[in-house]
Amino acid sequence: MKKILIIEDEKNLARFVELELKHEGIETEVYFDGRSGLNAAIDENKNWDLILLDLMLPELNGLEVARRVRQTSNVPIMMMTARDSVIDRVSGFDHGADDYITKPFAIEELLARIRALDRRINIESQKNEIKQTTLDYRDLVVEKENRVVRRGDLIIELTKREYELLVELMSNQNIVLSREVLLNNVWGYEGKESETNIVDVYIRYLRNKLDVKGEESYIQTVRGMGYVMRT
Ligand code: CA
């Protein structure tokens with residue numbers, strides 16, 4: 001968390017929270033009503049990491065601010081409220097709040113909540129990154145996070161080098177990779193002409209494991225050039 005927007009009409013509380021966050025090295029801005037707070041919240045140039053949002057605010061209440069922020073942004077929102085009824089919690093979450101803190105609160109509790117929210121967001125974004133590390137080619141799938149290669153439902157056992165060669169080819173679909181480039185990227189050798197036949201050997205191993213008899217190979221040979229997985 002580097003930039004936190006505070007929308008709170010109790011000026012003493014707002015200033016106190018701001019001071020404590022600044023002390024933690026966090027950049028802050030404070031707004032004392034819902035409307036100016038909303039404008040700051042949806043300002044794309046501000047890049048907030050979190051919005052601390054009071055529930056009872058002049059001009060626009062916190063629920064309405066949260067609802068409108070959610071129309072354009074996924075920024076985490078922590079609601080602050082003097083009330084602690086189940087109804088408030090539910091409606092706060094319905095309107096897009098990510099967490100909830102009841103006033104009066106100790107600043108340590110707020111900081112702990114912010115850290116917890118930060119961790120949760122980081123875990124979520126890591127999960128999303130993992131999702132993006134799946135490679136597809138025809139009915140081949142590589143799940144990079146657990147190094148599993150499947151053809152349809154069938155899991156294909158590959159050695160470390162075969163796996164890395166396949167990932168290199170699948171990550172560069174439609175690009176012809178020369179033996180020298182593959183040797184360099186997969187084996188880490190500088191392309192020495194004499195050693196490039198190692199690539200041909202491993203392509204053959206891969207084809208033996210991946211290909212289905214009578215069907216076109218997953219890896220195409222481009223004569224005099226190298227290899228490619230062409231879509
Ligand atoms: Ca208030």
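We count ligands from 1, going down the list as the structure has it; atoms in each ligand are counted the same way.
- Figure legend: Arg207 and Tyr218 shown without cation-pi pairing, the cationic atom not lying both under 6.0 angstrom from the six-membered ring centre and within 45 degrees of its axis.
- Note that the CG atom of Leu206 and the CD1 atom of Ile156 stand 9.5 Å from one another [nearest 0.5 Å].
- Residues Val212 and Arg151 meet the side-chain proximity criterion, which asks for heavy atoms closer than 4.5 Å.
- Between Asp49 and Val75, the shortest heavy-atom contact is C-CG2, 3.9 Å.
- Each of Asp118, Ile51, Leu50 was checked for a side chain to side chain contact (heavy atoms under 4.5 Å, CB included) with Pro76, and the lone residue meeting it is Leu50.
- Excluding waters, the count of protein N/O/S atoms less than 3.0 Å from the Ca ion (ligand 1) comes to 3.
- Ion pairing of Lys103 with Asp54 is present here, as a side-chain N (NZ or NE/NH1/NH2) and a carboxylate O approach within less than 4.0 Å.
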